[in-house]
Amino acid sequence: MGKLSSFNNLNVFWKFISGNGVWMAESPTQMFWSDGLIDAINNTGKQLFVSDLAVVIKDKYPKALHHFLVLPWKDIDSVYELSSDDDGLLQEMYELGSKAASTSGLPAGQFEYGYHMKPSMRRLHLHVISKDYHSPCLSHWYHWNAFNTDFFIKHEYVVKKLHEKGCIDRPHTQHVMTLLETPLQCNQCTYVPKNFKDLKLHLKQHVEYGQHS
DNA sequence: GTTCTAGAAC
DNA sequence: GTTCTAGAAC
């Protein structure tokens, strides 16, 4: 097997996304690290926009220059619990995300909206992230693939799938692993990075010199 | 989710 | 010397 197949740091990734083990709390109201988002949305100081159905916060570890999360107040764990009845909620979450994105000053088309195929944190959360992916918090190979492969389930896909089938199918473990092992590829040009550090430097060039670096 | 560390691999 | 791997974290 090749280099990518032996990228076993994914086993560590798998360990924490599978929800096993005992973890340290980050605040008195948070029993597990995986409840961090639920803790955050109930902190009024962190709420950027609020509606009856959902709330927007900044991602604690932004993976781009602008990275927001939109979460429902309702205790929905993930996209796999959604039904066609939730179309209104999804649209409202998208609208709230758009409001947050507009505060960046960037064109609306510079943002991507989607859900992770295998989220680590509890409570459904829509990622609203700028396409630069220029951030010190984007520090692992699988961070990149979590946003730049089918691991990132686009908002439009979720809406379409719920309309057509009424639910989102849970993926097989092997499929998720394969997506996270995908070779690196720039999202803004045809460049194929030699390694993760090379990708980081390349993304920085796009931010500093634009699309034609 | 993240940070930290040691040791392997390149 | 740099990058990647692997595991712990009460």
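Reminder, nothing fancy here: chain letters follow the sequence lines and each chain counts from 1.
With hydrogens and angles left out, the side-chain atoms of Glu112(A) and Tyr133(A) include a donor and acceptor closer than 3.5 Å.
The minimum heavy-atom distance linking Glu92(A) with Asp52(A) is given by the pair OE2-N, 4.1 Å.
Comparing the C1' positions of dG1(B) and dA9(C) gives an interatomic distance of 13 Å, to the nearest angstrom.
Rounded to an integer number of Å, the gap from CG of Asn195(A) to P of dT5(C) is 11 Å. In this entry the distance linking NE2 of His127(A) with C1' of dG1(B) reads 10 Å, nearest Å. As rounded to whole Å, 12 Å separates atom C1' of dC10(C) from atom CZ of Phe32(A). Rounded to whole Å, the distance from CD on Glu181(A) to P on dT5(C) is 10 Å. Phe196(A) has its CZ atom 22 Å from the P atom of dA9(B), to the nearest Å. Atom pair Leu180(A):CG and dC4(C):P shows a separation of 16 Å (rounding to whole Å applied). In this structure, Trp33(A) atom CH2 and dC10(C) atom P are separated by 16 Å, rounded to whole Å. The NZ-C1' distance, from Lys197(A) to dT5(C), rounds to 18 Å in whole Å.
Of all nucleotides present, only dA6(B) satisfies the Watson-Crick or G-U wobble test against dT5(C), with each distance under 3.5 Å.
Taking the six-membered ring where tryptophan is involved, the planes of His140(A) and His143(A) are perpendicular, since the angle between them exceeds 60° and thus also 30°.
Closest contact between the side chain of His125(A) and the listed nucleotides dT3(C), dC4(C), dG1(B) involves dG1(B).
Applying the 4.0 Å criterion to OP1 and OP2 of dT2(B), one finds that His143(A) has a side-chain N or O inside that range. An OP1 or OP2 oxygen of dG1(B) is reached within less than 4.0 angstrom by no side-chain nitrogen or oxygen of Lys118(A).
A salt bridge links Arg123(A) with Asp75(A); the closest basic N to acidic carboxylate O contact falls under 4.0 Å.
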